[in-house]
Amino acid sequence: MTEPVLTFTERGIYCPAGDFYIDPWRPVSRALITHGHSDHARPGHGAYLATEAAAPVIRHRLGEITLDTIRFGERRQIGRATVSFHPAGHIPGSAQIRVEVGGEVWVASGDYKLAPDGLCETFEPVRCHAFITECTFGLPVFTWRPQHEIAAEINHWWATTAAEGRHCLLGAYSLGKAQRLMALLDPEIGPILTHGAVENTNAVLRAQGYALPDTHHVTPDLDVKAYPGALVIAPPSALGSTWARRFGRASTGMASGWMRMRGVRRRRGADRGFVLSDHADWPELHEAIRQTGAERIFATHGYTEIFARWLNTQGYQAEVVPTEFGGEEDAADSAEDAA
Ligand SMILES: [Zn+2]
Ligand SMILES: [Zn+2]
């Protein structure tokens, strides 16, 4: 029997032919990284490879690392494997990783969504024999409305709250969701203020050329009264914190796919919940899988059991693969601290 292109080990997804790992969760000598979220880009690896577009954020978060970059679509030989990175549409720079060994092609999706968001590189389907897919929102209840409808909802909330002379405090994960919102919302309504965690990421992305509207960093000496009708974008954990008190009787909101679930908004203590996710919804997961043409599917990261069972009824050969993805971002949001 020939060796599989990718295998699943306790350190992460491993390619024997190239002796490298994809998004490993334990220190390894060579790691290919799909994107900068902390459950995928972890510290401690000997050498990193990521897209040119994802590299600045990964460097910003991990500090001094040995990081090599690759352009989207560029092919590189590693041992007996040929690898290339393709847009995943999840956050700026995020990639799916294609690995080819002896004519057999496997793709590891990382996190992805299909609908273009106007900020990050749009998802590109990649033909393969086997597809390792995330399924963070792999339940039929998760279907997203078009982004422009959600934008209109948030703009309306912002405009009416501003008219009452109050601030809007919007919880959104600091890498990806926050910037997507900035690019999406109507800056004519009022000024946009940002928490430090969000502003640091903004600075990295602006330096790369991603177009973001003007924002004002909320520093300790910033007088918030000088910004009436402002929308304040902060990580979800900051919403109920002492940091948030300076905004007085602000109206609070959360933007996340988890807002689709009853009770999550209330548990987060937000007045409003906006269903906006950087992950594929149920129909998008099926569409992405169909477009790969793959027969073998490995489900990771989310509602794996239910999703794999459904795929098996649809004629796919689907398996669940245990991973340690899901942590700081959207994926972990129902539990703790994300967007
Ligand atoms: Zn992610
Ligand atoms: Zn993830």
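Note that ligands are numbered from 1 as they come in the structure, with each ligand's atoms numbered from 1 the same way. Position 1 is the first residue of the sequence; numbering continues from there.
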Review point. Minimum heavy-atom separation for A50 to I58, with atom names?
Key: CB-CD1, 3.7 Å

Check your understanding: Closer than 2.8 Å to the Zn ion (ligand 2), do we get an N, O or S atom from D111, backbone or side chain?
Key -> yes

Check your understanding: With no hydrogens and no angle check, do the side chains of H129 and E295 hold a donor and an acceptor under 3.5 Å apart?
Key -> no

Check your understanding: Is the distance between the Zn ion (ligand 1) and the nearest N/O/S atom of H279 smaller than 2.8 Å?
Key -> no

What side-chain donor-acceptor pairs closer than 3.5 Å can you find for residues 118-125, not counting sequence neighbours?
unit_1: E121; atom_1: OE1; unit_2: G93; atom_2: N; d: 2.8
unit_1: E121; atom_1: OE2; unit_2: Y210; atom_2: OH; d: 2.5
unit_1: E124; atom_1: OE2; unit_2: H86; atom_2: ND1; d: 3.0

Point to revise | Qualifying residues under side-chain contact (heavy atoms from CB on, under 4.5 Å), relative to E287, sequence neighbours excluded | key: L114, R290, Q291

Review point. Which is the closest N/O/S atom of H37 when seen from the Zn ion (ligand 1)?
Key: ND1

Review point. If you stand at the Zn ion (ligand 1) and look out to NE2 of H90 and NE2 of H35, what angle do those two lines make, to 10°?
Key: 100°

**Study point:** Metal check, the Zn ion (ligand 2) vs H301 N/O/S, cut-off below 2.8 Å
**Key:** yes

Check your understanding: Quick check: does H40 have an N/O/S atom under 2.8 Å of the Zn ion (ligand 2)?
Key -> yes

Revision key, fill the gap. min-distance N/O/S atom, D39 vs the Zn ion (ligand 2), resolves to OD2

Check your understanding: Under 3.5 Å, is there a donor-acceptor pair between the R206 and T215 side chains?
Key -> yes

Study note, to complete from the structure: In F307, Y303, W258, W282, the residue satisfying ring-ring contact (aromatic ring centres under 6.0 Å, His included) with F137 is W258

